[in-house]
Amino acid sequence: MSPRTRPEWPIARDGFSYRLKTMPELAEVEFFRRQWEVGIGKRVERVHVHATARIYRSVGARVVVEALTGTSLQHSEAQAKQMLFRFDNDRWLGIHLGMSGSLIAAAPEMVPGKHDHLVLYLADCALIFSDPRMFGKVALHRGVDVPGWWAALPAPILSSGFTESAVGDFCARRPRSSIKAVLLMQERFPGIGNWMADEILWRAGIHPRCPAGKLASGTRRTALYTAIREVTADALREIAGVGTAAVPRHLSAQLPDHWLFNHRWKDGGTCPRSGTALVRETIAGRTTCYCPKCQSWSWE
DNA sequence: CCCCATGTTCGACA
DNA sequence: GTGTCGAACATGGG
């Protein structure tokens with residue numbers, strides 16, 4: 001392993017790993033976007049890439065180097081699980097973090113490690129994209145306007161375009177699918193992932209195997225819609241709101257103990273509301289945790 | 001060694 | 001065409 005400079009700035013953490021052990025859903029993505037904000041207004045002096053890394057399967061690493069070297073970072077945005085960074089000269093960099101990606105800033109002397117597939121060296125810091133499993137992806141775009149794939153993203157959950165009737169209609173179109181499977185569909189629920197889906201259903205008191213058709217109207221639809229918006233807003237506040245000064249090694253440590261999140265992986269974990277033993281089983285192909293008492297099975 | 005992993009995509013099949 | 005399910009992707013941790 002090559003020697004690496006310990007990053008003292010802007011984030012001081014122990015050890016050599018620049019990665020945070022968290023898997024990115026909407027709030028974590030927004031958190032990671034902010035880690036690169038320190039580079040806004042600064043020029044990219046040099047770009048490091050691991051040219052054969054799978055994250056370059058859509059756009060070659062060399063294209064990224066050529067497009068970004070010498071430009072300045074102007075602006076960034078996160079939406080759903082996507083991020084978009086605008087540079088001058090009409091260059092745009094899109095990033096999806098996949099299952100294990102993370103962004104972080106470090107001192108400009110940092111030496112890229114095995115999983116640091118993209119590093120933008122600015123005058124006084126380095127912006128790093130790390131991804132051990134390489135399910136993440138980068139995209140490049142040139143033009144005055146945002147790329148088409150970005151413009152085509154569905155209305156964000158906290159925007160006025162995300163309506164209760166749209167949620168109900170979407171459920172009505174998949175009447176026999178489990179609500180757990182439906183909540184993971186990015187085209188209607190942008191940015192929701194496995195743990196957020198479980199948190200939403202737990203708060204709403206809905207069993208994850210409940211057929212989506214049963215939630216297409218009435219009070220259950222309202223409960224579902226409300227929980228989606230509340231969990232999204234709360235997750236953004238608790239996770240994305242963490243500054244860049246003292247970042248915990250596990251972002252989940254940020255979440256309050258009365259959430260399902262902090263109990264879901266523990267063997268023998270109990271529901272923070274009812275004290276009942278939590279259940280873990282595979283639903284829609286994903287590990288799902290729920291409270292058998294709070295989340296009613298009888299949806300007829 | 002085994003099994004597991006918070007995401008997405010693709011092919012097979014109803 | 002639509003919807004659903006499992007496998008595959010690549011790596012590390014327990």
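Order of the sequence lines fixes the chain letters, A, B, ..., with proteins taken first and strands second; residue numbering starts at 1 for each chain. Since the structure is predicted, the reported quantities are computational estimates derived from the model, not experimental observations.
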message: Using modelled atom types and a 3.5 Å cut-off, is there a donor and acceptor pairing between side-chain atoms of A:R286 and backbone atoms of A:A284?
response: no

query: Are the side chain of A:Y56 and the backbone N or O of A:H117 linked by a donor-acceptor pair below 3.5 Å?
result: yes

Rounded to the nearest angstrom, tell me the gap between atom [atom1] in [X] and atom [atom2] in [N].
X	N	atom1	atom2	answer
A:L184	B:dT6	CG	C1'	10 Å
A:R54	C:dA10	CZ	C1'	8 Å
A:M99	C:dG13	CE	P	15 Å
A:I55	C:dC9	CD1	C1'	15 Å
A:Q82	B:dT8	CD	P	8 Å
A:N194	B:dC4	CG	P	15 Å
A:I283	C:dG6	CD1	P	13 Å
A:M185	C:dC5	CE	C1'	11 Å

field: Span that lies between the C1' atom of C:dC9 and that of B:dC1, in whole angstrom
entry: 23 Å

- request: Determine whether more than 12 heavy atoms belonging to other residues, nucleotides or ligands lie under 6.0 Å from atom CZ of A:R273.
  value: yes

message: Taking CZ in A:R176 as the centre, count heavy atoms belonging to other residues, nucleotides or ligands within less than 6.0 Å. Is the count above 12?
response: no

Hey, is the side chain of [X] poking within less than 4.0 Å of OP1 or OP2 on [N], counting only N and O atoms?
X	N	value
A:R286	B:dT6	yes
A:H96	B:dG7	no
A:H115	C:dG12	yes
A:K114	C:dT11	no

message: Please classify the nucleic acid contact of A:M134 as base, sugar-phosphate, or nothing, using heavy-atom distances under 4.0 Å.
response: sugar-phosphate

- prompt: Looking for any heavy atom pair under 4.0 Å, which part of the strands does A:G285 touch: base, sugar-phosphate only, or nothing?
  reply: nothing

field: Under 5.5 Å and under 30°: A:F135 stacked on B:dG7
entry: yes

query: Of A:K137 and A:E28, whose nearest nucleotide on DNA chain B comes first from the 5' end?
result: A:E28

query: Taking the six-membered ring of A:W259, is the NZ or CZ of A:R203 close enough (under 6.0 Å from the centre) and on axis enough (within 45°)?
result: yes

message: Only Watson-Crick and G-U wobble pairs with both distances less than 3.5 Å should count. Give DNA chain C in dot-bracket notation, marking inter-strand partners with |.
response: .||||||||.||||

- prompt: Would you call A:R34 and A:E37 a salt bridge, taking side-chain N to carboxylate O under 4.0 Å as the test?
  reply: no

message: Is the distance between the ring centroids of A:Y121 and A:H48 under 6.0 Å?
response: no

query: Looking at C:dA10, B:dT6, B:dT8, which one has an atom nearest to any side-chain atom of A:R133?
result: C:dA10

- prompt: Looking at A:W150, A:W92, A:W36, A:F129, which one forms a ring pair (Phe, Tyr, Trp, His ring centres under 6.0 Å) with A:F85?
  reply: A:W36

